[in-house]
Amino acid sequence: MKIATWNINGVKARLDTVLSWLEQSQPDITCFQEIKSVDENFPREAFEAAGYHLETHGQKGFNGVAILSKFPFDEVNCGLPGDDDDEQSRFIEGVFSTDRGVLRIVSLYLPNGNPVDSPKFPYKLSWLERLHAWAEARLELEEPLVLAGDYNVIPMPKDCHDPAVWEGDALFRPESRRAFRRLANLGFTDAVRAVTDEHGVYTFWDYQAGAWQKNNGIRIDHLLLSPEAARHLEGAEIEKYVRAWEKPSDHVPVVIDIAA
DNA sequence: ATGGTGGACGTTCCA
């Protein structure tokens, strides 16, 4: 069973690219971020024609998340609990039945948080606190659970090309890294770090200044696995070849393989 | 010193 996460940076601009990738990679479940579309305008027929069920949680212009699945949805929940005033579409949860039993998947898009002297940074930190509380409660279910998405957090210095450049940035601030570490320490496994300790393993390269050509990247797209999911983990891959395609997203898909 | 790149929206914001 292949489960993927990918910040596609706009479904309208990326439709052909995403469909080509789906055909090539053949994931069973895919979490999208930054669909940048309202639900009514999401090109769902193209994905249904490719054999997928689809649930979206979009908004106008920015943000927006979705889950694509070869399994029908037993349940879907939109929005991260904990703040009724939060109108940004950054969280969707799907529940599926597989041969092995229940499987719970989240597609999340954490706030960027820059600039750090604006309200955006405390919004990011409060969002992380809400995610922590939500995840702690969900772990009590003792189910296979995958929290997949663009966390906008560089967990460790080795997760970026040049830590000095990121000093002070919301993606690398100690508060952001600490919150991510605390979340993971609830009992999650960072799937990519379960298979490699290497420096220079990235999921995002900026469009500017030839970042891709210079491999000036960061690792900010993560799949956190509950113990019940992690014990079946068979592999994790960053499909970086997609970054070299025409009209790429600035992020690439991260794909895990779970025994199913 | 400036702008650097890209998507969506609408004459600017977000990343």
Side-chain angles (χ1 to χ4, degrees), chain A residues 5-21 31-44 46-47 56-66 80 85-91 107-128 131 148-155 159-173 175-177 179-180 202-222 238 240-254:
Chain A
T5 183
W6 191 10
N7 179 324
I8 58 175
N9 191 18
V11 70
K12 292 180 197 68
R14 214 70 60 212
L15 185 58
D16 291 344
T17 304
V18 170
L19 291 171
S20 297
W21 171 76
C31 299
F32 289 140
Q33 300 85 39
E34 283 206 88
I35 62 174
K36 295 187 176 180
S37 169
V38 293
D39 297 333
E40 310 86 83
N41 293 342
F42 194 95
R44 56 183 308 127
F47 294 98
T56 63
H57 180 45
Q59 69 179 89
K60 186 178 179 183
F62 313 104
N63 304 329
V65 287
L80 177 63
D85 294 329
D86 185 0
E87 293 180 348
Q88 300 192 31
S89 297
R90 298 178 172 278
F91 183 99
S107 178
L108 66 89
Y109 176 47
L110 240 132
N112 175 292
N114 284 306
V116 292
D117 59 356
S118 77
K120 293 180 180 185
F121 190 52
Y123 172 61
K124 175 179 196 160
L125 296 180
S126 72
W127 209 94
L128 274 160
L131 181 61
D150 176 358
Y151 282 72
N152 269 315
V153 176
I154 301 165
D159 294 313
C160 62
H161 180 74
D162 183 2
V165 167
W166 293 95
E167 197 72 43
D169 191 283
L171 278 63
F172 196 56
R173 277 282 291 251
E175 300 94 324
S176 307
R177 294 176 54 200
F180 179 83
Y202 308 133
T203 66
F204 168 95
W205 296 260
D206 200 285
Y207 288 120
Q208 300 183 64
W212 165 247
Q213 287 74 14
K214 294 186 243 178
N215 195 29
N216 178 11
I218 52 178
R219 192 176 74 94
I220 55 174
D221 300 273
H222 311 297
I238 297 172
K240 62 187 288 184
Y241 61 88
V242 176
R243 188 65 176 76
W245 286 3
E246 297 269 322
K247 279 194 55 158
S249 169
D250 38 7
H251 299 249
V252 298
V254 186

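Note that the structure is a prediction, hence the values are computed from the model and not measured. Because only heavy atoms are used, hydrogens play no part in the values below, and waters and symmetry mates are left out as well, while side chains stay in. So that the names make sense, note that chain A is the first sequence line, chain B the second, and so on, each numbered from 1.
For the side-chain hydrogen bond (donor to acceptor under 3.5 Å, both in side chains) test, no residue two or more places apart in sequence or in another chain qualifies with A:Ser249. For A:Arg44, the side-chain hydrogen bond (donor to acceptor under 3.5 Å, both in side chains) partners are A:Glu48, not counting sequence neighbours. In this structure, the side-chain hydrogen bond (donor to acceptor under 3.5 Å, both in side chains) partners of A:Asn215, at least two apart in sequence or on a different chain, are A:Trp205. Checked against side-chain hydrogen bond (donor to acceptor under 3.5 Å, both in side chains), A:Asp16 has no partners two or more places apart in sequence or in another chain.
Rounded to a whole Å, the CD atom of A:Gln59 is 13 Å from the C1' atom of B:dC13. When the C1' atom of B:dA15 is taken as reference, atom CD1 of A:Ile220 falls 10 Å away, rounded to whole Å. Rounded to whole Å, atom C1' of B:dC9 lies 13 Å from atom CG of A:Asn41.
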Discussion item. Output one letter per nucleotide in nucleotides 3-8 of chain B: B when a protein non-hydrogen atom lies under 4.0 Å from the base, S when only the sugar-phosphate is that close, - when neither is.
Written reply: -BBSBS
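Screening residues 160-173 of chain A for salt bridge (charged side-chain N to carboxylate O under 4.0 Å, His left out) gives A:Arg173-A:Glu175 as the qualifying pairs, with residues at least two apart or on separate chains.
The gap from the C1' atom of B:dC14 to that of B:dG10 amounts to 15 Å, rounded to the nearest Å. B:dC9 and B:dA15: their C1' atoms are spaced 15 Å apart (whole Å). Straight-line distance between the P atoms of B:dG3 and B:dT12: roughly 16 Å, to the nearest whole Å.
Among the protein residues, A:Phe204 comes within range of no part of the nucleic acid, since none of its heavy atoms lies under 4.0 Å from any strand.
In this structure, CG in A:Asp86 is found 11.5 Å from CZ in A:Phe91, a value given to the nearest 0.5 Å.
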